Amino acid sequence: MIRTDAGGADGRDVAAPVAEPAPAGGGAAAPLGGAARQGFANLVGVGLAAAAGFGLNIVITRGWSVREAGMFFAATSAFMIAAAAARLGTDVGTIYFVSRHRALDQRDRIRGTIAVGLVPVLAVGALLALAGWLAAPALARLTMPDAGPGGVTALRVLLAFVPLAALSDYALAACQGFGQMRPLLTVERLGRTLVQFVGVAVAAWLGLSATSALPLAWAVPYLFAAAVALVWLGRLVRRAERDVTRAVPAAEQFGPFWRFTGPRALSTLAAIVVQRLDIVLLSAMRGPADAALYTAATRFLALGQLSGVALSSSVQHRMAAAFARTDHREARQLYQAATGWLVLLSWPAYLLFAAFAEPMLSLFGSGYGAGRRVVLLLALTMLVATGCGMVDVVLNMAGRTAWTFYNAMAGTAINVLTNVALIPVYGILGAALAWTAAILVNNLVPLAQLWWSLRLHPFGRGTRAAMALALACFGLPLGLASLLDVPVTVLAVVAVAGAAAYLAGAWRLRSTLHLDALRALRRNRNAAAPIQP
């Protein structure tokens with residue numbers, strides 16, 4: 001076996017120049033079976049977390065005034081941006097390198113790799129927390145001009161937890177590099193989110209302050225998540241090093257790790273800026289009420305994204321291992337099968353959100369129905385995005401982090417400029433248009449790059465079948481019913497009938513959709529038919 005240090009900052013493929021055999025136990029079926037089974041488990045966990053997060057937003061909008069809710073949403077958006085900055089893109093880097101070291105039997109490098117990412121994350125997180133504490137008055141005046149002293153308090157409480165949030169994310173990502181999804185599901189998807197929901201619900205029930213008690217109830221669960229994640233990661237590292245006589249020093253791995261991860265630091269920050277900056281800008285330009293309205297309208301988008309989050313968590317480390325072995329056939333199979341599953345799960349959700357936007361927004365309380373056009377626009381945009389598959393994950397795991405950096409910078413620039421231009425005139429619809437432009441850039445450009453550089457595309461038989469099935473069972477009937485302006489009850493009947501037809505069609509096409517991969521590991525097949533492009 002030839003050992004190579006990964007680079008990739010210049011955009012070249014960093015896979016080792018050797019082709020290792022596929023994992024035993026099923027050939028092509030093994031990676032698909034493992035991805036499907038872990039993806040299903042992740043989907044359950046992410047679904048529970050998404051439900052808790054969605055319920056959390058309902059509790060906030062109903063427990064406090066629109067103005068207080070908007071102020072809190074703006075403050076949490078600032079927190080998420082700061083936490084993403086503190087991670088420095090290391091969540092992707094540690095998954096890539098730990099997966100790679102395991103695939104190439106380089107277990108003596110695992111501890112050093114984790115260390116060279118962990119120390120900068122803690123240092124930058126602490127600096128951002130301190131800077132945020134000192135700059136909170138100026139930030140509050142800029143982003144929440146109507147909030148008064150309460151905005152300063154909320155920002156300071158939240159930003160103090162930035163190092164813990166970054167540490168938790170990093171440790172859980174490292175666990176993913178070991179092929180372990182249970183830490184992510186238990187600590188993040190279930191533990192932190194559910195504790196967060198309970199804490200905020202209690203604060204609302206007791207009528208506590210939205211400027212101190214609410215941010216504290218929302219942020220404290222990151223402390224417990226970080227502690228448990230670190231303990232879990234330590235156990236995995238010790239287990240991997242049982243037969244290692246001498247670990248490679250961390251200093252020797254600093255250069256390769258940060259050449260790969262450096263570009264990703266800014267692209268990760270750019271991604272969260274695209275998702276959260278519009279809320280901050282709405283609060284600054286139009287007031288906290290518009291920020292609350294926009295946040296409520298876009299929460300449905302987060303529900304639709306849960307399938308992508310679940311699948312990327314189960315596919316990411318497998319994709320890294322496939323590229324490490326220069327097994328582009330396996331990478332193509334994973335990409336196309338995962339895209340088919342993503343479309344199968346997410347397209348019905350987005351089509352239902354578009355059709356039922358108005359009644360769903362009423363869950364947040366009176367006055368939130370104005371976000372209907374935002375839900376409709378973003379739901380249809382996400383059909384395009386999910387149809388492209390996990391393009392960013394594939395580019396990263398192929399070592400093209402420089403490309404994802406340039407893509408993210410372009411998307412962020414477009415998002416910021418269009419937000420600044422459109423929000424003062426169109427309000428929340430302007431913010432939605434800006435996000436739409438960024439989503440399209442961040443998906444269509446890397447889609448073209450993957451085809452040009454690696455001849456990879458997501459449009460296998462399973463993807464095409466899932467698209468046709470979703471449009472036939474949900475898109476056409478719900479679209480026609482909406483154009484005819486039928487009552488909600490009739491629309492619900494159409495949706496139920498479409499769901500029944502969809503499940504029947506998915507079962508009939510289960511082989512084409514690769515749903516039988518869920519049973520591949522259980523049956524331990526020695527061979528499987530290749531996926532047709």
Side-chain angles (χ1 to χ4, degrees), residues 8 11-39 92 95-96 99-100 103-104 179 307-308 311-345 385-401 403-404 407 443-467 509-518 520-521 525 527-533:
R12 292 192 296 269
D13 199 332
V14 296
V18 291
E20 298 200 355
L32 281 184
R37 290 163 67 85
Q38 284 193 342
V92 173
I95 291 175
Y96 176 85
S99 299
R100 181 179 176 82
L104 301 179
S307 54
L311 288 172
S312 65
S313 297
S314 62
V315 168
Q316 196 168 16
H317 61 283
R318 288 180 168 82
M319 192 75 70
F323 281 119
R325 296 189 298 267
T326 63
D327 191 345
H328 286 197
R329 178 177 177 273
E330 181 182 319
R332 175 179 62 83
Q333 290 176 329
L334 284 167
Y335 182 28
Q336 293 188 352
T339 304
W341 298 334
L342 180 60
V343 170
L344 188 70
L345 292 168
T386 51
C388 295
M390 296 169 285
V391 283
D392 198 43
V393 169
V394 181
L395 273 180
N396 279 320
M397 296 304 100
R400 268 68 168 181
T401 53
W403 292 11
T404 60
N407 297 340
N443 284 276
L444 296 178
V445 171
L447 179 68
Q449 291 170 334
L450 280 174
W451 172 249
W452 177 75
S453 62
L454 298 171
R455 288 299 185 266
L456 291 178
H457 68 82
F459 307 114
R461 290 177 58 203
T463 303
R464 298 194 299 269
M467 289 177 173
L509 297 172
R510 61 189 181 279
S511 178
T512 302
L513 295 169
H514 312 302
L515 298 179
D516 50 0
L518 282 167
L521 288 186
R525 290 177 178 172
I531 298 172
Q532 299 300 320

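All figures in this text were calculated on a predicted structure; none of them were measured in a lab.
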Donor-acceptor under 3.5 Å (W341 side chain, L513 main chain) | yes

For residues A322 and A331, report the shortest heavy-atom separation together with the two atoms involved.
-> CB-N, 4.1 Å

Looking only at heavy atoms, which two atoms of G389 and N443 are closest? And how far apart?
-> O-OD1, 4.3 Å

Sequence neighbours left out, what passes side-chain contact (heavy atoms from CB on, under 4.5 Å) with D392? Give chain and number order.
-> R264, N396, T404

All heavy atoms of Q336 vs all of G460, minimum pair found to be OE1-CA, 3.6 Å

Show every donor-acceptor pair shorter than 3.5 Å between a side-chain atom in residues 449-456 and any protein atom, with sequence neighbours excluded, or say none if there are none.
from, atom 1, to, atom 2, distance (Å)
Q449, OE1, N407, ND2, 2.7
Q449, NE2, N407, OD1, 3.1
S453, OG, Q449, O, 2.8
R455, NH1, W451, O, 2.7
R455, NH1, W452, O, 3.1

Return the set of residues passing side-chain contact (heavy atoms from CB on, under 4.5 Å) with P458 (not counting sequence neighbours), or none when no residue passes.
-> Y335, T339, L447

Determine, stepwise, if the pair H328 / F323 fulfils side-chain contact (heavy atoms from CB on, under 4.5 Å).
-> CA-CA 6 Å; H328 286 197; F323 281 119; 3.7 Å; yes

Okay, side chain of R464, backbone of F459: is any donor-acceptor separation there less than 3.5 Å?
-> yes

Spacing of CG belonging to L509 relative to NE2 belonging to H514, to within rounding of 0.5 Å = 11.0 Å

Of all heavy-atom pairs between L395 and W403, which one has the smallest distance, and what is that distance?
-> CD2-CE3, 3.9 Å

Of all the heavy-atom pairs spanning G340 and T463, show the shortest one and how long it is.
-> N-OG1, 3.3 Å

Compare every heavy atom of M467 with every heavy atom of G387, then report the nearest pair and how far apart it is.
-> CA-CE, 3.7 Å

Reported CG-to-CG distance for the pair L334 and D327, which is rounded to 0.5 angstrom | 9.0 Å

